[in-house]
Amino acid sequence: MTRTIIRVRWVLYGAWVLAALVALMMALTPGLELLGLPPERVTFLPGMITGLPWTLPLFLFDFDSVTSLAIIFVAHLLSVSIGLMLVRSVD
């Protein structure tokens, strides 16, 4: 049972990292080109959702695009590192 829970943790963490990577790609024009989308489709909303709870100020206040992008990148950096510590806590 314990091994199953550990595997599920790694699968969920990997799925979240993949979703966060796609969300960050959607926030940058080179990432959109890799996804095959036009540059006009730049959006911060997926990055704001996958970066929760660190990105809550983006939902409450109106920041410029550079500040919003910086907050999203820092939020994902924090979430990846904290998530990795939580997943490896049993190992």
Could you tell me which non-hydrogen atom of Thr55 sits nearest to which non-hydrogen atom of Ala75, and how far apart they are?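 Closest pair (atom of Thr55, atom of Ala75, distance): CG2-CB, 3.5 Å.
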Shared hydrophobic cluster, [X] / [Y] (ILVMFWY, side-chain heavy atoms < 4.5 Å):
X	Y	answer
Ile6	Leu84	yes
Val22	Leu37	yes
Leu52	Leu45	yes
Phe63	Phe44	yes

Would you check, one step at a time, whether the test side chain to side chain contact (heavy atoms under 4.5 Å, CB included) holds for Arg88 with Tyr13? CA-CA 11 Å; Arg88 292 187 48 134; Tyr13 178 71; over 6 Å; no
Taking the side chain as every heavy atom from C-beta outward, state whether [X] and [Y] have any pair of such atoms under 4.5 Å apart.
X	Y	value
Ser68	Met48	no
Leu24	Phe73	yes
Leu69	Leu28	yes
Met26	Val42	no

Side chain to side chain contact (heavy atoms under 4.5 Å, CB included) between Trp54 and Ile71, intermediate numbers included: CA-CA 8 Å; Trp54 314 108; Ile71 291 173; over 6 Å; no
Distance, nearest 0.5 Å, that separates CG of Leu77 from CD1 of Ile82: 9.5 Å
Any chance you could lay out the side chain to side chain contact (heavy atoms under 4.5 Å, CB included) test for Leu34 and Met25, step after step, and finish with the verdict? CA-CA 8 Å; Leu34 285 173; Met25 288 175 69; 3.8 Å; yes
